[in-house]
Amino acid sequence: MKQFQWPESGSVRLRCNNIWQETPDCISFTLTSKDQASTFQFIPGQFVTLGVEIDGSLVHRAYSLSSLPNQTEMQFTVKRVTDGLVSNYLNHHLQIGQEVEVLQPAGQFHIEQPHNNKVLLLSAGCGITPVMSMARTLLADKRDQTDIHFIHAATCAEQIIYHSELLDMKKQHQRFKLDIMLEDATDTEYMEGRLTQATLENYCPDIRQRSAFLCGPVAFMQSMKEYLDALGMDMTQFYQESFTPSEPPQPDNAYSASKADALAQATVFVPSFGTQTQISTGSLLIDALESAKVPVIAACRSGICGSCKCKVTKGEITRTSTEALTEQEIADGFVLACSCQIHSDIEVSLS
Ligand code: FES
């Protein structure tokens, strides 16, 4: 088996190899290389950015991998959601054999972050995907001794993603403890309600000894983080990820009113594309680049995935997120276009 070689930059086209209904609201699918013989390297917990053509435009979104690394297929599980352009397209139109644009795996939410030998994998809904990748990988390694406590919240039994596999994992591995909380637990043995600080403590009395990996909707993650902190968890070994912003970054009207009255419009110049566009000061850089038809990818629009990374070489900007950038990249002037507000004429490089 040879390792799949990702290009330094840009996307590759991978083939959809299999699709199945995971729950009434979710599909799972796999992508493979064209020769179906290359294995994919990534760190469990990471995501990739997928691009599909919808109504003539290439649209990108980031999705966590749920499979193990070093396999010839990468697995994803995607839920259809109201106004979820790409998620709904994948649920309703993706076909076996179809090619999808894929950017290489990325992200800092992964199992190689410092953690001790007891972990708490905590998720809700489709947030299960990256922590499932972690659990599958840890359990597949016979030498690994990590004690895993997997706590998952879902609306009802039929919406539990990977339900039968989770039960099998629990049966087969003593070091895998499973707790599931359902909003509607009718006809199940699971607890009914929402996860609270008390239920977390009850499920996991040794929570203070664990490192935590958390993924789910924003409100769920905010509550869980507060509870874990209140329960005395070491928050230096707490990691989280969500692709759903609580509020999308907004143009900075306060800034433009107070400081940029005299410069209500700014010019965004991208020399490598020869484009120059006018936009109101306080606007987001991603809006300026998209209106100038500069081919920038914005997969999450939340300052998380890093797909919109570019460099501001001249001019004044403010950043609302630098999450996907390294210290060096920040020092070098890189920004996330979706999380960057324009306050003067600027010049941008995409390389
Ligand atoms: S689109 Fe994901 S970081 Fe900007």
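Order of appearance sets the numbers: ligands from 1, and atoms from 1 within every ligand. Predicted, not measured: the structure shown is a model, and the values here were computed from it.
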Residues 22-31 vs salt bridge (Lys or Arg N to Asp or Glu O under 4.0 Å), sequence neighbours excluded, gives Asp25-Arg80
Tell me who clusters with Phe334, hydrophobic residues only, linked when side chains sit under 4.5 Å apart either directly or through other members.
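Under the 4.5 Å side-chain rule, Phe334 groups with Leu325, Ile330, Leu336.
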For Met224, the hydrophobic cluster (side chain heavy atoms closer than 4.5 Å, chained through members) also holds Leu120, Leu122, Ile151, Met181, Met191, Leu195, Leu200, Tyr203, Ile207, Leu214, Phe220, Met221, Tyr227, Leu228, Leu231, Met233, Met235, Phe238
Q) Taking a hydrophobic cluster as the set of Ile, Leu, Val, Met, Phe, Trp and Tyr residues connected by side-chain heavy atoms closer than 4.5 Å, whether directly or through intermediates, do Phe40 and Val78 fall within one such cluster? A)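 Same cluster.
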Checked atom 4 (Fe) of ligand 1: protein N, O or S atoms closer than 2.8 Å come out as Cys308 SG, Cys338 SG
Are Tyr63 and Phe76 an aromatic pair, judged by ring center distance below 6.0 Å? no
Among Val12, Val48, Ile297, find the residue that satisfies the side chain to side chain contact (heavy atoms under 4.5 Å, CB included) test when tested with Leu103.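 Among Val12, Val48, Ile297, the one that satisfies the side chain to side chain contact (heavy atoms under 4.5 Å, CB included) with Leu103 is Ile297.
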